[in-house]
Amino acid sequence: MAEPETTDAGRDFIRDIIQADLDAGRAQSVVTRFPPEPNGYLHIGHAKSICLNFGVAQEFGGQCHLRFDDTNPVKEEQEFIDAIQRDVRWLGFDWGEHLYHASDYFEQLYDWAEHLVRTGHAYVDDTPPEAMRSQRGTLTEPGQNSPFRYRSVEENLDLFRRMRAGEYPNGTCVLRAKIDMASGNMNLRDPVLYRILHATHPRTGDAWCIYPTYDFAHGQSDAIEGITHSVCTLEFEDHKPLYDWLIEHLPVPSRPRQYEFARLNIGFMVLSKRVLTRLVQDKHVTGWDDPRMPTLAGIRRRGVPAAALREFVRRVGVARANSVVDIAQLDATIRDTLNPSAVRRMAVLRPLKLVIENWPEGHTETLEAINHPDDPSAGKRPITFGREIYVEQDDFMEDAPKKFFRLSPGREVRLRYAYFVTCQSAVKDASGRVVELRCTYDPASRGGNSPDGRKVQGTLHWVGASDAVRAEIRLYNPLFGRPDPGANGDVMADLNPASLEVLTGCLIEPALLQAPVGEAVQFERMGYFCADSDGTPDRPVFNRTVGLRDTWAKVSGAKVLGAKVSPDGRG
RNA sequence: UGGGGCGUCGCCAAGCGGUAAGGCAACGGAUUUUGAUUCCGUCAUUCGGAGGUUCGAUCCCUCCCGCCCCAGCCA
């Protein structure tokens, strides 16, 4: 079985660093972690981080932890905690026993905070938020020391304990590290380590009313778990000096190192939890698993296999340069992954009735169709042919250019696995719309070949009228209408109004009734589709995972634009 | 105008002083009962720019230009 996933993981600067650390003996083993905050669903950007962290651990014989960075109870929910685990597993990774939460370390973190207070490296600041902001200075001007910066260790300890005891309402005061208010790095201007949040935490409930900030929790959590390589995205680069400062001023059990890589960006997509949350809340999509969403749940529902995502991430690579990956790269990877294994079926999205005039009325024949052109082991299936069948509306053109290898009055084509048919005429309704094709067939061409060696230029997919099943098919287009959503202001203004196209009168071959939900099959000549959970036995629903490459669309499109092909289609 | 990063083909991305991998896209052509797949072939004399060091620089140095991140008691 062809496996597009390469065993050679490819090289990048992260793997180079780890290899060098191992070679030089700076590390004996590799321990990484994937640390999502449970405030939303995982998206394809997270897939890059997951594949990197878990992948690296696998390759170097180490381990990767799944750690929930749950330090802000007001944003986090159990639904997200569950969804994240489901999605990481689906992507194909296993954290084994290593499931952790920053909240597991709250007590230890608190003790370390007191340690900082005792060693004079942290103080309780009563400055209100707005005042604190102005005291912080600007990007070009240094900040001012808080008047509370000089409190004694005893007073700070007492105040901090009272914070923990719940004596103060939200916002009254915070615990700050005493570093350097004049630092060019804003993160070093006495960063907040603890804030008061009277909120119920999904895991610790009401045990705490003060919570550590990301900066105070992250590095220390890494140290507790023995993380050797703490890999995160570029925007945390400025936090590294603080990460290191904390590690160096605390009696932590290990010395993790942070490394940053560029986050994933894909054209026509938005990978921002903030925006994705809004899309869900404002009902621009049906939910986190709407197939148009870049979430792992949405992508999965669309029919994309996890292997395709892993391969995509591998192809894209890991580097430090900000970039925007062409969405065609994702589509190509999905096709490459699906092509060798997806079973073939026939479905007509926009049916046009075709009547074979010289076929006996009421007679049907069972023909044989293969399930995969390159894999005989995929087997065959019976399909029913008869006097009336349906073909794709796009496969007929009344006044067609020579290069149109499909149906047109007088032209002969092959109906896949069936017969050669020649279009005799088109029946139109009162408005002039073509509603039916009258054709004749060549009885000698059964199976799709003519004994006289006659060739036809086109082969069409079809569904027999006698056993066609009606279905709904949902076509998905990019959720956003421009490659750089939001570049001109409001992201929501760039939503693509045509991101979802629902086709209700589709006709599919009966074998499709057995298609497992979520598993993509190829509708010949149309693309990859998978059954959706919204479907019922009498009303199946399919999602388009991705279309097939369509050279004809390019050629005909160019013709419409008057660019490449002359009117007769001969270029 | 502070600090930290990044700039290699249309889009990703290797390259780590010895004379530009690969993928996607594009474009030819072959095979094809999917205008699919597969297969062959074309596609950076040049690495943001200008100097410098060197026998030799995409790789080292200097200056310049451009882009990204940072002023949450978010992560």
Side-chain angles (χ1 to χ4, degrees), chain A residues 10-12 16 35-37 39 69 71-72 74-75 125 127-129 132-134 136-143 170-176 182-189 191-197 210-211 213-215 217-218 232-241 260 262 266-267 273-274 314-333 335-336 339-340 344 346 369-370 373-374 403-406 414-418 420 445 447-449 456-461 483 522-527 547-556:
Chain A
R11 275 297 165 180
D12 53 66
D16 288 346
E37 181 189 14
N39 65 345
D69 223 330
T71 56
N72 187 352
V74 315
K75 289 186 167 182
D125 193 341
T127 308
M132 196 180 288
R133 193 185 323 127
S134 55
R136 189 154 24 235
T138 69
L139 295 178
T140 52
E141 299 163 309
N170 290 356
T172 311
C173 51
V174 294
L175 182 74
R176 288 229 260 176
S183 172
N185 183 342
M186 302 298 289
N187 295 298
L188 263 21
R189 320 247 266 223
V192 171
L193 268 21
Y194 266 91
R195 74 285 209 187
I196 298 170
L197 249 29
I210 59 172
Y211 291 91
T213 56
Y214 161 83
D215 285 308
H218 207 93
C232 61
T233 43
L234 248 27
E235 67 270 27
F236 292 102
E237 216 174 351
D238 290 345
H239 292 247
K240 183 152 56 184
E260 314 85 15
I266 303 176
K273 262 197 222 171
R274 194 195 108 251
R314 192 193 67 76
R315 290 186 189 187
V316 162
V318 181
R320 286 177 64 87
N322 289 315
S323 60
V324 182
V325 177
D326 192 333
I327 193 156
Q329 180 93 261
L330 211 211
D331 290 345
T333 310
R335 289 188 201 105
D336 288 350
N339 177 51
R344 268 60 170 174
M346 294 202 284
I370 58 174
D374 311 315
K403 285 207 169 173
F404 183 78
F405 303 151
R406 308 179 187 184
R414 168 190 297 115
L415 290 176
R416 183 141 230 221
Y417 303 123
F420 282 9
S445 64
N449 278 308
V456 289
Q457 301 208 85
T459 298
L460 309 187
H461 62 282
Q522 186 191 98
F523 285 3
E524 296 212 41
R525 302 208 307 139
M526 302 308 288
L548 254 29
R549 259 189 87 223
D550 190 351
T551 311
W552 168 248
K554 271 189 292 193
V555 174
S556 59

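Lettering of chains follows the sequences in order, A, B, ..., and the numbering in each one begins at 1. Basis for what follows: all heavy atoms, side chains included, without hydrogens, waters or symmetry-related copies.
Across all strands shown, Ser134(A) has no heavy atoms under 4.0 Å from either base or sugar-phosphate atoms. The residue Gln522(A) sits close to a base: some heavy atom pair falls under 4.0 Å. Nucleic acid contact for Pro128(A): base, since at least one base atom lies under 4.0 Å from a heavy atom of the residue. Residue-level contact check: Thr233(A) touches neither bases nor backbone, having no heavy atom under 4.0 Å from any strand. Looking at heavy-atom distances under 4.0 Å, Gly171(A) makes contact with a base. Among the atoms of the strands shown, only primed sugar atoms or phosphate atoms (P, OP1, OP2) are found under 4.0 Å from some heavy atom of Val316(A). Using a 4.0 Å heavy-atom criterion, one finds that Asn39(A) contacts no nucleic acid atom at all. Among the protein residues, Asp238(A) comes within range of the nucleic acid bases, having at least one heavy atom under 4.0 Å from a base atom. Here Ser183(A) lies out of heavy-atom contact (under 4.0 Å) with every strand. No contact: Phe420(A) has no heavy atom under 4.0 Å from any strand. Within the nucleic acid shown, Asp125(A) has no heavy atom closer than 4.0 Å to any nucleic acid atom.
If you check U34(B), C70(B), C73(B) against the side chain of Arg344(A), the one that comes closest is U34(B). Nearest to the side chain of Arg525(A), among C12(B), G35(B), C27(B), sits G35(B). The Ala321(A) side chain lies nearest to G7(B) when the options are G7(B), C73(B), U34(B). Comparing atom distances between the Thr551(A) side chain and each of G10(B), G35(B), G72(B) picks out G35(B) as nearest. Each of C73(B), G35(B), U34(B) was ranked by its minimum atom distance to the side chain of Phe405(A); first place goes to G35(B). Closest to the side chain of Val192(A), out of C73(B), A13(B), U34(B), is C73(B). Counting only heavy atoms from C-beta on, Arg549(A) has its side chain closest to A26(B) among G4(B), A26(B), C68(B). Comparing C16(B), A71(B), C12(B) by their nearest atom to the side chain of Val324(A) picks out C12(B). Here A71(B) is the nucleotide among A36(B), G23(B), A71(B) with the atom lying nearest to any side-chain atom of Met186(A). Among the nucleotides G23(B), C74(B), U37(B), the one closest to the side chain of Lys75(A) is C74(B).
A salt bridge links Glu237(A) to Arg320(A): at least one charged side-chain nitrogen sits closer than 4.0 Å to a carboxylate oxygen. A salt bridge does not link Lys75(A) to Glu37(A): none of the charged side-chain nitrogens sits closer than 4.0 Å to a carboxylate oxygen.
To the nearest 0.5 Å, atoms CH2 (Trp552(A)) and CZ (Arg525(A)) are separated by 11.5 Å. Between the OH atom of Tyr214(A) and the CG atom of Asp69(A) there is a distance of 7.0 Å, given to the nearest 0.5 Å.
Phosphate proximity of C74(B) to Arg195(A): present, with a side-chain N or O under 4.0 Å from OP1 or OP2. For the OP1/OP2 pair of C73(B) and a distance below 4.0 Å, the side-chain nitrogens and oxygens of Arg136(A) include at least one atom meeting the criterion. Dashed line: the shortest gap from a side-chain N or O of Arg335(A) to OP1 or OP2 of U34(B) is not under 4.0 Å. Close to A13(B), at under 4.0 Å from its OP1 or OP2, lies a side-chain N or O of Ser323(A). OP1 or OP2 of C6(B) lies within a sub-4.0 Å distance of a side-chain N or O belonging to Arg320(A). Taking only side-chain nitrogens and oxygens, Lys554(A) comes nearer than 4.0 Å to OP1 or OP2 of C27(B). Phosphate proximity of G35(B) to Arg406(A): absent, as no side-chain N or O sits under 4.0 Å from OP1 or OP2.
Counting atom types as modelled, Asp550(A) pairs no side-chain N or O with a base atom of G35(B) as donor and acceptor under 3.5 Å. For His239(A) against A75(B), a side-chain N or O and a base N or O form a donor-acceptor pair under 3.5 Å.
Of the possible donor and acceptor atoms, one in the side chain of Arg335(A) sits under 3.5 Å from a partner among the backbone N and O of Gly547(A). With hydrogens and angles ignored, the 3.5 Å screen pairs no side-chain donor or acceptor of Asp238(A) with any backbone N or O of Asn187(A). No donor-acceptor pair under 3.5 Å is formed between the side chain of Arg344(A) and the backbone N or O of Gln522(A).
Between the side chains of Thr127(A) and Asp125(A), at least one donor-acceptor pair of N or O atoms lies under 3.5 Å.
Residue-to-nucleotide proximity on RNA chain B shows that, of Gln329(A) and Thr71(A), the 5′-proximal contact is made by Gln329(A). For the pair Leu197(A) and Glu237(A), both in contact range of RNA chain B, the more 5′-proximal nearest nucleotide belongs to Glu237(A).
Here, G48(B) and C39(B) have their P atoms 33 Å apart, quoted to the whole Å. Spacing between A50(B) and G7(B) at atom C1', rounded to whole Å, works out to 16 Å. Look at the C1' atom in both C12(B) and A44(B): the space between them is 15 Å, to the nearest Å. Using C1' as the reference atom, C40(B) and U32(B) are 15 Å apart when rounded to the nearest Å. Nucleotides G22(B) and C43(B) are separated by 14 Å at their C1' atoms, to the nearest Å. Distance noted for atom P between G10(B) and G49(B): 13 Å (whole Å). A gap of 23 Å separates the C1' atoms of U58(B) and C24(B), to the nearest Å. For C9(B) and A36(B), the P atoms lie 29 Å apart once the distance is rounded to whole Å.
Straight-line distance from the CG atom of Leu330(A) to the P atom of C11(B): 18 Å, rounded to whole Å. The distance from atom CG of Leu188(A) to atom C1' of A71(B) is 14 Å, rounded to the nearest whole Å. In this structure, Asn187(A) places its CG atom 14 Å from C1' of G2(B), rounding to the nearest Å. Atom CD of Glu37(A) and atom C1' of A75(B) are 5 Å apart (whole Å). Nucleotide U37(B) holds its C1' atom 9 Å from the CG atom of Leu548(A), rounded to whole Å. The separation between Gln457(A) atom CD and U34(B) atom C1' is 15 Å, rounded to whole Å.
By the rule that a glycosidic angle within 90° of 0 means syn, G51(B) does not qualify and counts as anti.
Base pairing of G35(B): no nucleotide in any strand meets the Watson-Crick or G-U wobble criterion (both distances under 3.5 Å).
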Worksheet item: Should Arg314(A) and Asp12(A) be marked as a salt bridge (Lys or Arg N to Asp or Glu O under 4.0 Å) after you check the CA-CA gap, both sets of side-chain angles, and the distance that decides it?
Response: CA-CA 10 Å; Arg314(A) 192 193 67 76; Asp12(A) 53 66; over 6 Å; no

Item to complete: Evaluate the side-chain hydrogen bond (donor to acceptor under 3.5 Å, both in side chains) criterion for residues Asp215(A) and Thr213(A): first the C-alpha distance (whole Å), next the side-chain angles of each, then the deciding distance (0.1 Å), finally the verdict.
Response: CA-CA 5 Å; Asp215(A) 285 308; Thr213(A) 56; 5.0 Å; no

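A stacking contact between Tyr214(A) and A75(B) is absent: the pair does not combine a ring-centre distance of less than 5.5 Å to the base's six-membered ring with planes differing by less than 30°.
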